[in-house]
Enquirer: 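Below you will find the structure I want to go over with you.
Just so it is clear, the values below take in all heavy atoms, side chains as well, and ignore hydrogens, waters and symmetry mates. Chain letters run A, B, ... following the sequence lines, proteins first, then strands; residues in each count from 1.
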Protein chains: 2
Amino acid sequence: MKNDGKNRLETMIGKLKGNGYKITPQRLAILKILSTSIGHPSVEKIYEQVKKNFPTISRATVYKNILVIKDLGEVLELAFSNDSNRYDGHLPHPHPHAICTECKKIVDSELEILKDFTQKVREETGFRIYDHRIDFFGLCPDCQKNKE
Amino acid sequence: MKNDGKNRLETMIGKLKGNGYKITPQRLAILKILSTSIGHPSVEKIYEQVKKNFPTISRATVYKNILVIKDLGEVLELAFSNDSNRYDGHLPHPHPHAICTECKKIVDSELEILKDFTQKVREETGFRIYDHRIDFFGLCPDCQKNKE
DNA sequence: TCTTAAATAATAATGATTATCTTTTATTTG
DNA sequence: CAAATAAAAGATAATCATTATTATTTAAGA
Ligand SMILES: [Mn+2]
Ligand SMILES: [Mn+2]
Ligand SMILES: [Zn+2]
Ligand SMILES: [Zn+2]
């Protein structure tokens with residue numbers, strides 16, 4: 001692991017301060033969840049979590065904080081057509097995901113072969129490529145077992 | 001090309017009839033657009049196009065028809081977070097796309113390397129994979145020129 | 001401590017898509 | 001061909017995640 005939760009949190013806080021943002025208790029709580037979660041939480045999940053310590057927090061606060069952190073490049077947003085957005089503050093740079101259509105689990109994937117793939121698409125289409133969104137849908141190991 | 005517009009249209013009509021759906025003039029017009037378009041049109045684009053011959057058509061009709069055709073597996077839906085959905089009735093099975101962030105052009109990609117990639121994700125995550133959504137974002141050749 | 005710009009919280013607005021309901025029509029049957 | 005009917009069209013309302021607005025509160029620097 002290049003970045004554990006602590007380092008990610010430090011990075012986020014540093015970036016916010018460096019850009020003149022204030023560190024509020026609510027903001028810090030959101031940052032902590034984003035930096036340590038590997039499960040790609042939704043706004044609702046984050047909201048419910050923060051609510052435990054800040055019972056009056058508004059959903060809008062969660063949305064706005066995520067927007068700020070996203071614009072600073074410190075969280076990756078995964079938007080879906082039906083389900084609501086999911087966030088990765090642990091690995092904020094674009095990477096492939098495996099998504100379980102049963103339990104909605106989202107698992108990171110990091111494969112060298114992606115570079116070759118991207119290069120081939122570049123050659124095939126003539127595009128100058130600088131971003132990607134790669135989702136594989138299927139059944140996670142747990143849900144495969146439960147289907148037996 | 002395995003399927004030209006004509007064959008795709010025949011396939012779609014056959015599938016609809018085979019499943020007890022009626023062939024209305026409006027539905028046929030939508031099918032024609034979906035089967036021949038290689039530009040991944042939006043609902044709005046389809047609506048505007050059909051409107052030329054059927055001035056009273058409703059957006060709801062376009063939406064409902066696309067839903068039917070999608071459920072029959074004859075059109076691929078590409079949903080986005082900000083922009084509205086785009087549809088591919090020419091190549092209805094999942095395949096990668098190159099998307100221009102400038103002019104919103106969407107170009108098909110079909111590469112053998114995808115099979116290797118999928119296999120590697122399978123091994124890496126333990127998922128049983130049966131679908132994917134792969135988008136590469138960047139600048140198309142035209143928009144690269146216009147930036148010079 | 002005082003000042004002030006930024007953040008929070010509550011609430012309204014947005015916009016693409018879906019649902020509902022009435023009218024119209026494609027297809028089947030006699 | 002005419003009648004019957006289930007499906008489709010068209011109009012409009014509802015949905016729901018997200019964004020915008022606005023009044024109130026607060027973090028952080030002087
Ligand atoms: Mn991730
Ligand atoms: Mn396509
Ligand atoms: Zn699962
Ligand atoms: Zn372009």
Enquirer: In whole angstrom, give the distance that lies between atom CG of Asn65(B) and atom C1' of dA7(D).
Expert: 11 Å
Enquirer: Could you tell me how far apart Arg86(B) (CZ) and dA16(C) (P) are, to the nearest whole angstrom?
Expert: 14 Å
Enquirer: First locate atom NZ of Lys22(B), then atom NZ of Lys17(B), and finally report the distance between them rounded to the nearest 0.5 Å.
Expert: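 So the NZ of Lys22(B) and the NZ of Lys17(B) are separated by 14.0 Å.
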Enquirer: Can you pull every protein N or O that's under 3.5 Å from an N or O on nucleotides 27-30 of chain C?
Expert:
from, atom 1, to, atom 2, distance (Å)
dT27(C), OP1, Ile23(B), N, 3.3

Enquirer: Should Asp88(A) and Arg86(A) count as an ion pair when the cut-off is N to O under 4.0 Å?
Expert: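 Not counted as a salt bridge, because no side-chain N and carboxylate O are separated by less than 4.0 Å.
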Enquirer: Scan Arg59(B) against the nucleic acid and name what it touches under 4.0 Å (heavy atoms): base, sugar-phosphate only, or nothing.
Expert: nothing
Enquirer: For DNA chain D, what residues of residues 66-75 of chain A have any heavy atom nearer than 4.0 Å?
Expert: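 Within this stretch, nothing sits under 4.0 Å of the strand.
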Enquirer: Given dA17(D), dT17(C), dA9(C), which nucleotide is nearest the side-chain atoms of Tyr63(A)?
Expert: dA17(D)
Enquirer: Verify the neighbour count for atom CD1 of Ile23(A): are there more than 12 heavy atoms of other residues, nucleotides or ligands below 6.0 Å?
Expert: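 More than 12 within 6.0 Å, yes.
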Enquirer: Give the nucleotide from the list dT18(D), dA27(D), dT11(C) with an atom nearest to the side chain of Ala60(A).
Expert: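 Of dT18(D), dA27(D), dT11(C), dT11(C) is nearest to the side chain of Ala60(A).
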Enquirer: Can you check the Asn19(B) CG to dA6(D) P distance for me, whole Å?
Expert: 19 Å
Enquirer: Using a heavy-atom cut-off of under 4.0 Å over every strand shown, decide if Pro55(B) touches base, sugar-phosphate, or nothing.
Expert: nothing
Enquirer: Using modelled atom types only, decide if a donor and an acceptor are shared between the side chain of Ser35(A) and the backbone of Lys32(A) within a distance under 3.5 Å.
Expert: yes
Enquirer: From Glu77(B) CD over to Asn85(B) CG, what is the distance, rounded to the nearest 0.5 angstrom?
Expert: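 Atom-to-atom, Glu77(B):CD and Asn85(B):CG are 4.5 Å apart.
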Enquirer: Is a side-chain N or O of Glu124(B) found less than 3.5 angstrom from the main chain of Glu110(A), in a donor-acceptor match?
Expert: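 Checked: pair present.
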Enquirer: Nearest of dA17(D), dG10(D), dA10(C) to any side-chain atom of Thr56(B)?
Expert: dG10(D)
Enquirer: How about His90(A) and Asp108(A): does a side-chain donor come under 3.5 Å of a side-chain acceptor?
Expert: no
Enquirer: Taking CZ from Arg27(A) and P from dT26(D), how many angstroms apart are they, rounded to a whole number?
Expert: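 Interatomic distance, CZ of Arg27(A) to P of dT26(D): 15 Å.
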Enquirer: Stepwise, does the salt bridge (Lys or Arg N to Asp or Glu O under 4.0 Å) test hold for Arg133(B) with Asp135(B)?
Expert: CA-CA 7 Å; Arg133(B) 170 71 188 276; Asp135(B) 295 340; 2.8 Å; yes
Enquirer: Which residue, Asp83(B) or Pro25(B), contacts DNA chain C at a nucleotide closer to its 5' end, judged by nearest heavy atom?
Expert: Asp83(B)
Enquirer: What is the distance, to the nearest angstrom, from the CG atom on Leu31(A) to the P atom on dT8(C)?
Expert: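 Taking CG of Leu31(A) and P of dT8(C), I get 10 Å after rounding.
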Enquirer: Which nucleotide in the set dT8(C), dG10(D), dT17(C) lies at the smallest distance from any side-chain heavy atom of Thr61(A)?
Expert: dT8(C)
Enquirer: Expressed as a whole number of angstroms, how long is the span from Leu78(B):CG to dA16(C):P?
Expert: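 Atom-to-atom, Leu78(B) to dA16(C), this comes out as 17 Å.
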Enquirer: Can you check the Gln26(A) CD to dA10(C) P distance for me, whole Å?
Expert: 11 Å
Enquirer: When the distance from CD of Glu44(A) to P of dA17(D) is rounded to whole Å, what number comes out?
Expert: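 To the nearest whole Å, that distance equals 8 Å.
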Enquirer: Less than 3.5 Å apart, any donor N or O on the side chain of His95(A) or His97(A) sitting next to an acceptor on the other?
Expert: yes
